[in-house]
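Read the structure below first, then the notes.
Atoms within each ligand, like the ligands themselves, are counted from 1 in listed order.
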Amino acid sequence: MVINLENLFNNDGEILEVNTELDFSENEVSGVKPFVSPVKVKGNFVNNTGIVSIKAVAEFMYSAPCDRCATQVERKMTVPIEHFFAVSLNNDNNDDYILVEDMRLDFDELIYSDVYLSLPTKFLCKEDCKGLCSICGKNLNIAPCDCKKPMDSRWAVLSQLLEDDDE
Ligand SMILES: [Zn+2]
Ligand SMILES: [Zn+2]
């Protein structure tokens with residue numbers, strides 16, 4: 001979706017409301033297609049004393065396997081969308097502004113890059129996911145297994161102490 005920002009750039013005080021749904025269902029992240037719901041974007045573009053900006057929120061359901069135990073997890077994600085736009089850049093503001101020379105903004109691209117950058121580097125079913133046993137492959141969140149892991153003797157002492165602590 002391309003948004004024409006001409007009216008916005010030309011009129012101080014102008015507001016352009018955004019309330020739309022984008023379809024990223026074909027976009028792949030780490031080999032899966034995690035965007036199982038439309039990405040709802042709600043907010044406003046504004047021209048405030050000649051400065052054009054957007055303040056919005058993107059909301060969607062994200063479904064992907066846990067990076068540790070491979071259980072499929074579906075989670076609601078909320079991503080803030082906040083940018084300033086300019087039709088030309090001087091050297092001082094290059095980093096702060098998104099350049100839209102022809103006042104036409106590729107909205108999907110903008111939202112997708114914000115959404116993509118907000119994704120966690122490790123997607124876990126829960127923060128303390130125990131993962132799978134490296135020997136028998138059992139999901140250790142469900143039940144512990146009886147595998148004896150080979151262990152360096154120095155760590156064995158520490159591990160013993162930690163286990164005692166648990167009881
Ligand atoms: Zn997990
Ligand atoms: Zn095991």
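Cation-pi contact between R75 and F123: present, with separation from the ring centre below 6.0 Å and deviation from the ring axis of at most 45°.
Between Y97 and F85, the distance from one ring center to the other does not fall under 6.0 angstrom. For an aromatic pair to be called close, the ring centres must be under 6.0 Å apart, and Y112 with F35 satisfies this.
Applying the side chain to side chain contact (heavy atoms under 4.5 Å, CB included) test between L8 and each of I3, L16, I15 identifies L16 as the sole match.
Looking only at atom types and distance, the side chain of E82 has no donor-acceptor partner in the side chain of S53 under 3.5 Å away. Side-chain atoms of D96 and H83 form no donor-acceptor pair, as typed in the model, at a separation below 3.5 Å.
Residues D67 and L124 form a side-chain contact, since some pair of their non-hydrogen atoms from C-beta on lies under 4.5 Å apart.
Around the Zn ion (ligand 1), the protein contributes the following N, O or S atoms at distances under 2.8 Å: C66 SG, C69 SG, C125 SG, C129 SG. Listed by chain and residue number, the protein N/O/S atoms under 2.8 Å of the Zn ion (ligand 2) are C133 SG, C136 SG, C145 SG, C147 SG, with waters left out.
Cluster membership check: V79 shares its hydrophobic cluster with M1, using side-chain heavy-atom separations under 4.5 Å among Ile, Leu, Val, Met, Phe, Trp and Tyr.
With rounding to the nearest 0.5 angstrom, the NZ atom of K76 is 15.5 Å from the OG atom of S63.
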